[in-house]
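The structure appears below as structure tokens.
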Amino acid sequence: MDNELLLKMTDIQKSFNHVRAVRNGQLEIYKGEIHGLIGENGAGKSTLMKILLGVHQKDSGTILFRGKEIAYKSPEEALNNGITMIHQEINLVPQMSVMENIWLGQEYLFKRAGILNRGKMRKRTAELMNRLGIEINPDSVVSSLSIAQMQLIELVRALSRDATLIIMDEPTSSLAQKEIALLVKIVRMLSAEGVSIIFISHKLDEILNVCDSVTTMKNGEFMGRNATCDINEQTLLKLIVGRENVSGFHREGIHATDQVVLEVRDFCSAGVFEDVNFCVHAGEILGVAGLVGAGRTEIMRAVFGADKHDSGEILLEGQELKIRNPMDAIQKGICMLQEDRLRLGTVYSMSVLQNASLATLDQFCSATVVNKKKERSAFHEIMEDILLKFHSENESIKNLSGGNQQKVLLGRWLMAHPKVLILDEPTRGIDIGAKYEIYRLIEKLAERGIAIIMISSELPEVLSLSDRVMVVRNGRIAAKLNRGEVMQETVMAHAFGINKEE
Amino acid sequence: MASHTNKKLQPEAAKHLREILVNNKVFAVALLLIVIMSFLSERFLTTTNVFNILRQICITGIVASGFSLIIAAGEIDLSVGSIVAFVGIVTSYLMVTVKMPMVIAILAGLLVGMLCGMLNAVIISALDLPPFIVTLATQSLFRGVVYIWTNMVSIIGLPQEFVNIGQGYLGVIPIPVIIMVATFLIVWFATVKTSFGRHVIAMGGNKEAAYLCGVRISRVRLGIYGMVGLCCAVAAIVLTGRTASAQVSAGNGMEMDCITAVVIGGTPFTGGKVNIVGTFIGAFIVGIINNGLNLLAVDSNFQIIAKGLMILIALIIDRLSTNFLNKKRRKE
Amino acid sequence: MASHTNKKLQPEAAKHLREILVNNKVFAVALLLIVIMSFLSERFLTTTNVFNILRQICITGIVASGFSLIIAAGEIDLSVGSIVAFVGIVTSYLMVTVKMPMVIAILAGLLVGMLCGMLNAVIISALDLPPFIVTLATQSLFRGVVYIWTNMVSIIGLPQEFVNIGQGYLGVIPIPVIIMVATFLIVWFATVKTSFGRHVIAMGGNKEAAYLCGVRISRVRLGIYGMVGLCCAVAAIVLTGRTASAQVSAGNGMEMDCITAVVIGGTPFTGGKVNIVGTFIGAFIVGIINNGLNLLAVDSNFQIIAKGLMILIALIIDRLSTNFLNKKRRKE
Amino acid sequence: ASENANQTEKNQEPAATAENSAGTDAKALRIAYSMDSLTEGMVAQMEGVDEAIAAFNNSQSGYTASIDYFNAASDVEKQISDVETIIQNGYDILMFSSVDTSGSLPAMKAAYDAGLTVVDTRKMDQLDSCSISLDFCNEPLQGEFMRNWMQALLDDGKAEALHVGIVYGAAAQTYQLERGDFVKRWAEEDPEHIIVEADAYGDWDAEKSQSIMEDWIQAHPEINIVVTGNTAEALGVANALIGAQKKETTWVVSFDITNEALIRIQDGTLDCAVGFSPKDNGRSMTEMGLKVFMGEYEGEKEYKDDHVQYVDATNIEAYLAENPIEK
Ligand SMILES: Nc1ncnc2c1ncn2[C@@H]1O[C@H](COP(=O)(O)OP(=O)(O)OP(=O)(O)O)[C@@H](O)[C@H]1O
Ligand SMILES: Nc1ncnc2c1ncn2[C@@H]1O[C@H](COP(=O)(O)OP(=O)(O)OP(=O)(O)O)[C@@H](O)[C@H]1O
Ligand SMILES: [Mg+2]
Ligand SMILES: [Mg+2]
């Protein structure tokens, strides 16, 4: 690694109205360095990065980039000066194709006499994707992709710019292991080429494994900069949370009863999934594992009534159910947390409280008039469980950090007291401190007799929490494993379709 | 100790006031307009004239109150004016030609208005068509029915009690003003206090997310358009009373007046938010502008320019004051 | 082996055709209307009448071509009609009163149109105001200037070459039709082939994402509104020629006609997509409806209803066919 | 299929499509009426037109006439398009009530050049572009009548001076602006007696005119006569005046003699309406057109007639005796 200082941010401050998002931001990045940035939800990581990119303007402090003081007024300036960013939330134009999204803002590369050369654009896209080992059709429309695929497109787009500094704000939160491995490979490759990378993540092992050094933030303040070779998970955890011993999580034994709550029989949707049969018991946590695009989300969306299915039946407590839309499902006590929180979860124009109570509003109504007191107390009860810190329940959810938005959405469904709770990537973007709390919460819910289906791309999460694990591959159920037989290797083998036993 | 609390309280109160102003800055714009106008014409700030303005904004105001929900839900309704004309004709026809009792004719009118609105909703939902085109079509549909039914002849000879609804007073307050205020209160209540209002905003903010939370979009839509239809019917009754006749051209171009009031009032055209009080003030601002231009005897052609300019200036003030207040807030 | 390839290809081709139909189903609607109309009136499908229709949609068509971009970008422009009137007056004034050469007057008119459009963009961007209100204000602004300037008197006495632009023929083809087709081609080119077009769609689809990718929203907006202003100016010149006079009331209510053509044409009102060819067909469908109702000598009051109904039916056909085609596609 | 083709062939002959009420050998005569906009007055006029056609069809002229109406909805461009369709569609007579005297001219000219018998019902002063130009229901003439009626108020000493409020129609309908403009010209000629206090566009709308008048009552209490564009506007103005108890001291006058106007003159809420009996008007313009077509007309190309009249409290009974209000 060169010891050439590329970026130095000192004493950065930034407030939004009365919220002090960044109080004392410090960051040093060297050329070719992979630098981790960690901290709790709402610590100010994204804000600091957005200041660097020119999305937000700092209130005070200095930024030195390549030896010059900078204060970009818009992302355009930053992009033109070699800084790009993969944002925490997907930032694609859903109606446009993959290729058009990748080159958005850089069309001039393919201009000849004012005309866009789409052939050349497609060729460059294919080259780029090939080099990175990503297989997505450049011509497919973004809105038809899964969120993981969108995340990969964001990655491609960031790399298309030949930047000297790439900011990645939780690039792995919606990727499964295979894609993460790919991403890590790419990041290392870039670093070797002299590109510096700022890598934001809540996964400590990932930080320690990928990064050369790491900066920690807490409550908008700089907590320290360390080389990753000098620290371990425990010290890192202490830096983040401020306490020494944050217990990990481990679930003991099987708690499930043998009372079947939800049973899905012969579920089939042409071209998406087929022959799906499974059941969940009261008090059981059913983990669903698989690769990106395996169809986990699609199956569960169909169960929830958000998508149509062609054939098959759903039984709730032995009774056959007709679920035509999410309304039916929710009324019957089946709830689902969506994985795409920006597009399918949050209503940005509404407050934190309103977002949380949206699905359960009827509970707080008498003759359709909302009893705000009841609504608020139910909300606070849940939010204490989830450890969400926010300034005011009446604040727009848009102003929360990504992880805190996720907590609100999780809270939304906990407020519903469902019989069956489907969680699609429940801990996406949630900091480690809160993550264990949420595991405990899920466990508690299961103990109350709720049947829980948890889709997760984080295998450790699936392994430690689930009573049983169902592996999905290519729209089919590849395996159902009991707690005893669940091992990382077996799950992966089923997910990839390599069956060792045979 | 007490003084200490006090000291802490005062900036709090100031902050509070500022918050209110930021959220209802259109209120400040209205105040500013009032101040300017009273300097320009001493006739402006008289009780008579204030009631004058209020009475003049009643028709637009009543429809705009419900229209706020349409905009908040991210939709549009171009047929409001035609519904107003249609209900006016139906009610008057029932009273004058069929000689029904007034109350029944009014109830029938309200029902017709609501059904017209609901028809819009049903077509939009059932066929998943853009509201713009559907309501453009029903706009000419309802208007055409009015034309054919009446053969372009307005209906006159309405009973005096009915005319009173549009022209009478309760004490010093014009009855239309009371009806308008009542309508705003009801719509405000439905929007702010009920789950329906919440669902409307959710639908306008993120339709997909609302759907996945169990909000039945088509039912909410039915409610919104039905409510607007009802508002149109109420406006039609007030209007018919006010002009003492059911005009076939009533409500022409009303959708634009409504959108103007709603958007000036701070409900964004893209939906997801609603400000019913703002809509009232928006209608009031338009009323002040119209009234002021008439009071000052501005030449009719200059009025057209002046109206455009004043709307723009009102919005610019609104915007600049927001920026200013935000900056102050940040400085603290 | 060859036959094998063939077998694979055929369904491919069928799929392709279906794709084209799905993306341009409005085309099918237009065809259907044409078939129905030619059964109802043998005068419908004559060369003269087809050119008739084309000539009649020219003014709306020219403005609507650019208007597609406004809608695609998720914005709105209510001032188009006023710009048309304004440019008509400016150009005629320069020719008739100032006695400028025609070409210079036309160029001046085009410039004025573009600047009017850009003024909208500048106000919207600089003050971050809703396009609806800004263009509502400039609508009355431009129109008021026209009224005051002309004192409500149309300008007549235009040179014959100028009148020819609106009334003449090139061979059998009316000149306005040629101008319209050229406008559509240019706008289509700018939309589909240039980065500007990409940016417009990105802005309408996800403004935030476009901004974060370095798209300069205010510059794109300047381009869009300037382009529409230019289209308005072209339409104004054709219209002035066609009526052989510059009318102060020209272009009244034009924004609605444009939106109708654009939305029927398949560009969603919420933006993020654009279909320039669709807009042309949309304008054509409206033209067929108007022309057809006249040919069939439908009673003028019934025409109002019929027009509304036919727009609705056109959209319903469009929707049903989409559903049908989509289902077929899914089955595969 | 050949049968079908035959039928199409036949259909192209105008005679086959027309109703043969007057006799089997009668030729079809197709009339098109391009109207500027569809109003109550226009509907009444259409009744007169239909009557004249019925009379013509019973007159053994050798023709069977039929009429189709085209509504330009106050849009010059639409009127031109309508006339294009009319020319295309093989009509014999065009009755043309222009949206705008200059802007609608190309349409009228085109029809005339295409060989139609063109009746200009609005005196566009373009004698070489029409077969006959009728000068009996144009706006300047109506303005003159109204001016005479108002002059009488001064002459009779009912007022020292007229403080006028003008409520125009819609700005976009330039032809009808004359209904207010005559006052402005008059005020320039006679600034001592005619004072224009305020003017505004009422958009033909009762409610809007009512609001305008309410404001004027505040700001211009000296207004003693309001000139409005049509019955609806006059109604609104009168409502406002009645509400402020000022109707007794303020004249309200309007244009178009509609049934509603007559009723209002009777009950005293309208003081004068100038116009023409739209029905009579429709009848005579149709008769003129048919005469010209048949070659029976030998007078001047510009035909004057005194169809315009005023109705006020003094002559309402007489008027109603001749033109009873139909239900
Ligand atoms: N636009 C905004 N308006 C108001 N407050 C904001 C805004 N953006 C961020 N904040 C606040 O700033 C603080 C820092 O947020 P930021 O998004 O930087 O956190 P983060 O470290 O990225 O958290 P996470 O890990 O959850 O993404 C939070 O308290 C958040 O509520
Ligand atoms: N709306 C859609 N239209 C068309 N195809 C879709 C749509 N949504 C998802 N797909 C496709 O369906 C497949 C299954 O996606 P799904 O989201 O269910 O995967 P998953 O197993 O949940 O993986 P992950 O959520 O981790 O990406 C993917 O290949 C995706 O591209
Ligand atoms: Mg963040
Ligand atoms: Mg998924």
Side-chain angles (χ1 to χ4, degrees), chain A residues 50 53-55 72-81 83-97 99-118 121 141-143 150 153-154 157-158 160-161 269-272 308 310 342-343 348 398, chain C residues 15-16 19 22-23 68-69 71-74 125 128 185-221 223 227 266-275 323 326-332:
Chain A
K50 284 183 183 168
L53 196 73
V55 178
Y72 297 135
K73 288 268 177 295
S74 72
E76 189 201 355
E77 273 183 70
L79 292 168
N80 290 341
N81 285 292
I83 303 178
T84 76
M85 177 162 172
I86 300 176
H87 294 268
Q88 189 169 8
E89 302 294 348
I90 303 288
N91 262 301
L92 299 171
V93 183
Q95 296 95 333
M96 300 205 321
S97 72
M99 166 177 99
E100 287 168 338
N101 264 291
I102 289 173
W103 300 104
L104 183 57
Q106 289 190 96
E107 290 88 354
Y108 57 85
L109 294 174
F110 309 99
K111 242 190 324 207
R112 205 186 302 132
I115 306 175
L116 282 186
N117 184 339
R118 292 177 69 87
M121 194 190 256
V141 178
V142 162
S143 61
M150 292 189 196
I153 293 165
E154 291 260 9
R157 177 160 77 188
S160 74
R161 283 206 176 245
S269 175
V272 188
K308 294 209 161 33
D310 295 333
L342 176 68
R343 290 198 304 133
Y348 266 5
K398 192 170 73 189
Chain C
K15 223 161 140 187
H16 219 73
E19 278 313 298
V22 166
N23 293 328
S68 317
L69 294 186
I71 301 285
S125 297
D128 192 19
L185 282 177
I186 293 170
V187 174
W188 175 83
F189 183 86
T191 313
V192 176
K193 295 281 172 194
T194 71
S195 54
F196 168 69
R198 299 290 91 214
H199 291 173
V200 171
I201 296 169
M203 175 177 159
N206 187 346
K207 198 178 284 178
E208 184 72 18
Y211 174 72
L212 292 175
C213 285
V215 173
R216 266 188 260 176
I217 302 293
S218 54
R219 223 168 65 171
V220 176
R221 186 178 282 130
M227 192 153 176
T267 299
F269 200 54
T270 41
K273 257 185 195 166
V274 69
N275 189 344
N323 286 353
N326 271 345
K327 231 178 232 163
K328 277 214 102 172
R329 189 159 55 165
R330 248 186 61 169
K331 283 264 160 66
E332 269 178 10

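Chain naming here is simple, since letters A, B, ... match the order of the sequence lines and numbering starts at 1 in each. These figures come from a predicted structure and were not determined experimentally.
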Handout entry: Atom group of C/Phe189 that falls short of 4.5 Å from chain A, counting heavy atoms
Key = side chain
Fill in the blank from the handout: On a heavy-atom basis, the closest approach of C/Tyr211 and A/Gly54 is OH-O, 4.2 Å
Problem - Passing candidate, side-chain contact (heavy atoms from CB on, under 4.5 Å) with C/Cys213, options A/Val93, A/Ile102, A/Leu104 - result: A/Leu104
Fill in the blank from the handout: Here the gap from A/Lys50 atom NZ to C/Leu212 atom CG, rounded to the nearest 0.5 Å, amounts to 7.5 Å
Exercise for the section: Specify the closest pair of heavy atoms between A/Met96 and C/Arg198, including all atoms of both residues, with the distance to one decimal. Expected result: SD-O, 3.9 Å
Practice task
Starting at CG of A/Asn101, measure out to CG of C/Asn206 and round the result to the nearest 0.5 Å.
Solution key: 8.5 Å
Problem - Pairs of heavy atoms under 4.5 Å with chain C: top-ranked of A/Leu92, A/Val55, A/Asn80 - result: A/Leu92
Practice task
Kindly give the heavy-atom pair with the smallest separation between C/Gly205 and A/Pro94, and that separation in Å.
Solution key: O-CD, 4.1 Å
Handout entry: Separation between NZ of A/Lys111 and OG1 of C/Thr194, rounded to the nearest 0.5 Å
Key = 7.5 Å
Fill in the blank from the handout: For C/Gly272 and A/Gln95, the nearest pair of non-hydrogen atoms, with its separation, is O-CB, 3.2 Å
